[in-house]
Every structure is written in structure tokens, then in C-alpha cells.
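Order of appearance sets the numbers: ligands from 1, and atoms from 1 within every ligand.
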Amino acid sequence: MTKCSPPSPPADGITARRLISIDDLSDVEIGYILDLAEHYAGFLKRSEPAPQCLAGRTQINLFFEDSTRTNLSFDLAGRKLGADVVNVPVSASSVHKGESLIDTAQTLAAMGADVMIVRAKEQGLHERLDQLLDCVVINGGAGALEHPTQALLDAVTIRSKFKTLRALTIAICGDVQHSRVAGSDARLFTRLGANVRFVGPAGLMPESNQFTDIERCTTLKDGLAGADIVMGLRMQFERMQSGDKDATQGYFETFGLTHETMKRAKPGAFVMHPGPMNRGVEIDGALADDPARSLILQQVFYGVATRMAVLDALLGAA
Ligand code: ASP
């Protein structure tokens with residue numbers, strides 16, 4: 001592949017017509033999207049305009065939960081490919097006049113959406129919208145369940161340092177139970193051949209019948225040993241029951257990610273975090289800001305390129 005030539009699409013094309021879970025994509029489709037994200041990252045690095053492959057297409061961003069990075073990077077991604085992008089101001093929309101989320105989405109789709117990016121906590125809503133709407137539905141975050149484009153951008157970021165995830169040890173650390181990022185990362189990284197571990201207090205681990213193939217460590221000493229990547233997670237207080245909050249007492253002293261605790265990982269291991277970070281709660285500011293150890297801003301950079309790749313791949317096929 002030369003600097004400017006895009007990767008070749010899979011021989012059978014892209015068959016995915018939605019991205020609600022990482023499992024909506026085949027291995028070949030995942031590989032293509034990661035390569036395409038690297039291709040688009042090249043345009044962003046060179047400050048070159050990208051091909052306007054979505055000109056004339058309409059993208060609607062419908063975020064019923066708070067978002068900074070995901071919403072803005074989908075917005076930028078669509079615009080950079082030439083789409084007409086509409087961000088729905090949910091706080092000023094008719095949802096507050098009692099309109100159901102489905103009615104709101106159907107109304108917007110009727111305005112001619114080709115793709116709708118939806119963030120909502122209601123379980124099953126994305127699947128329902130996929131059945132009802134005549135447009136591509138992309139999950140911009142579903143409660144504590146899935147955040148597939150975050151996982152894809154995390155994989156692109158890791159590949160920018162290690163070329164491949166195969167045989168890497170990746171420790172996902174913190175409030176795993178309430179994190180949609182942890183779930184999507186674990187599903188994707190495992191498929192890409194990484195050894196994934198969940199690390200954190202027992203009270204913040206997923207139910208024992210979930211993610212049964214993922215190793216669990218309840219000390220930082222065991223969890224970080226030999227890790228190439230340490231993915232810190234935010235305490236998601238907004239999804240916690242009062243019992244879960246007990247597990248967060250003294251968290252930073254026991255599980256906080258610092259230059260000192262990163263010594264337990266491999267020399268040269270990197271720290272990542274999907275953001276928003278809470279400095280001094282799950283991660284020390286000095287570590288987060290250290291460009292030699294932290295990939296946090298690279299995650300944000302690759303977020304735009306990855307969402308360009310996802311939009312191109314799914315809309316190109318639609
Ligand atoms: N931004 C990520 C998400 O939407 C992580 C977080 O909120 O903690 O899930």
C-alpha cells in the first residue's frame with residue numbers, strides 16, 4: 001500500500017449494515033476498518049482534505065447521554081468525508097415533551113438520514129431502531145453494554161505503537177462492571193489475539209457468568225505484571241448502586257495508576273484511558289500527561305480517523 005492508496009475492501013464487500021456490537025463485524029471487516037482508519041489518519045496528519053465519499057449523505061448524531069469525544073469526533077468525521085451532519089440538541093428536543101426515544105429517532109430518520117449515531121442507556125433500543133429505521137444505525141454508546149467505535153479506535157491506537165495486538169497483554173483496570181468500553185475492548189482485543197485481563201476490586205467486576213474467558217485480577221500487582229498496555233477506566237458513579245460505591249473507597253491508594261504502579265507492568269508499557277479522566281481518582285495527572293507513557297491524546301486523535309473509517313465502510317456498503 002503506498003502512502004495515499006486506500007486498503008482494498010474485503011473480497012465479499014462489507015456485509016455489516018449496522019454497528020451495534022463489535023460482533024456485528026466479521027474478522028475481515030474489522031481488519032479492513034483498522035487499515036482504513038490508519039489510511040484516514042494519514043490525511044489528518046498531513047492536514048490534507050480527505051476524499052468526499054459521503055457527499056450528499058445525511059448523518060444524524062442523536063446522543064441521549066452526555067458525550068464530548070464521541071459526539072464531536074463523529075461530527076468531525078462525517079464533515080471531513082463531506083456528509084451533511086446534524087447534531088440533535090437532545091436537551092432542547094421533544095423528548096422533554098414526552099416523545100419516546102423511538103418516535104424521536106423515527107422522526108429524524110424521516111428527514112432523510114442515511115446514518116444515525118445513537119447513544120442511549122435503554123437496553124435493546126439500538127436493535128429496535130435498526131429494525132425500524134431505513135438507515136444505518138451506529139452505536140455511540142449503549143449503557144454499560146457496548147461502545148464498539150471506542151474499541152476500534154483503541155485498537156488503532158495500540159497498533160500505532162505495536163503494529164499488532166497479537167500476543168500483547170492488555171490490562172483493563174478499574175470499574176469494569178459499569179464500563180461499556182471494557183466490554184467492547186475485551187471482545188475486540190481477544191478477537192485480535194491479545195491476552196486480556198480485567199483488574200480491579202472484586203465489587204467492580206462483571207457478574208461471574210459474564211466474560212468467562214477473561215482472566216480477572218483483584219490486585220494491581222498481579223493485574224499489571226507483564227502488561228504491555230494498561231487501560232484505565234473511570235468510576236462510573238452514574239450507573240452504580242450504593243453497594244458498588246463501597247468498592248470505590250480508597251480506590252486510588254490500592255488501584256490508582258501512577259508512574260510508580262506502572263513499574264509493575266512491562267518496561268515501556270503504555271497507559272490508555274477512554275476519557276473523561278478523573279485525575280487523582282483512577283489515574284495520576286503526571287502519568288496521564290507523560291507523552292512517553294500515555295497514549296490518551298492519541299486515542300482522541302485516532303477517534304476521528306476511526307469514525308471516518310466506520311462511516312465510509314458502512315455507508316459505502318449501504
Ligand atoms: N467515554 C466513555 C464512554 O462513553 C468512557 C466513560 O464515559 O467513562 O463510555
Side-chain angles (χ1 to χ4, degrees), residues 19-22 61-77 87-88 90-91 116-123 125-126 137-158 170-189 196 198-201 204-206 210-211 229-241 244-245 247-248 251-252 255-257 271-285 287-288 294-304 306-307 310:
L19 179 54
I20 296 176
S21 162
I22 277 295
N61 297 335
L62 183 56
F63 282 64
F64 294 110
E65 285 190 309
D66 296 344
S67 175
T68 305
R69 279 149 286 265
T70 308
N71 195 347
L72 290 179
S73 63
F74 263 117
D75 184 357
L76 269 174
N87 289 291
V88 181
V90 167
S91 59
M116 200 174 294
I117 323 298
V118 182
R119 170 171 287 192
K121 65 176 185 301
E122 285 70 17
Q123 194 162 355
L125 179 75
H126 292 84
V137 174
I138 296 179
N139 178 357
L145 294 176
E146 281 261 16
H147 195 352
T149 60
Q150 177 74 45
L152 291 165
L153 77 87
D154 287 341
V156 174
T157 307
I158 296 170
I170 303 180
I172 301 179
C173 188
D175 178 12
V176 180
Q177 184 185 124
H178 302 100
S179 172
R180 53 191 171 212
V181 175
S184 290
D185 274 356
R187 288 183 188 93
L188 178 64
F189 297 171
V196 179
F198 288 153
V199 186
L204 294 178
M205 286 286 172
Q210 294 174 327
F211 299 100
I229 292 284
V230 179
M231 178 75 68
L233 300 171
R234 181 174 66 89
M235 288 292 145
Q236 287 134 108
F237 292 111
E238 72 275 23
R239 300 196 189 105
M240 286 186 193
Q241 315 285 328
D244 301 331
K245 287 190 182 149
T248 68
Y251 180 85
F252 189 76
F255 287 99
L257 301 176
V271 70
M272 297 175 66
H273 193 301
M277 286 185 276
N278 288 315
R279 292 167 185 259
V281 177
E282 70 270 3
I283 188 166
D284 183 36
L287 176 65
S294 165
L295 300 181
I296 295 170
L297 290 178
Q298 275 96 319
Q299 289 172 271
V300 179
F301 168 75
Y302 283 113
V304 178
T306 303
R307 287 168 175 134
V310 166

Exercise for review: Indicate yes or no: does E238 engage K121 in a salt bridge with an N to O separation below 4.0 Å.
Suggested key: no
Review point. Who's touching ligand 1 if we go heavy atoms under 4.0 Å?
Key: R119, H147, R180, V181, R234, G275, P276
Point to revise | Distance, nearest 0.5 Å, that separates CD1 of I170 from CD1 of I158 | key: 4.0 Å
Check your understanding: Do E146 and H126 have side-chain atoms, one donor and one acceptor, less than 3.5 Å apart?
Key -> no
Review point. Do you see a donor-acceptor pair shorter than 3.5 Å between the side chains of R119 and H147?
Key: yes
**Study point:** For D75, all residues meeting salt bridge (Lys or Arg N to Asp or Glu O under 4.0 Å), sequence neighbours excluded
**Key:** R79
Review point. Near N278 CG, under 6.0 Å, is it more than 12 heavy atoms from other residues, nucleotides or ligands?
Key: yes
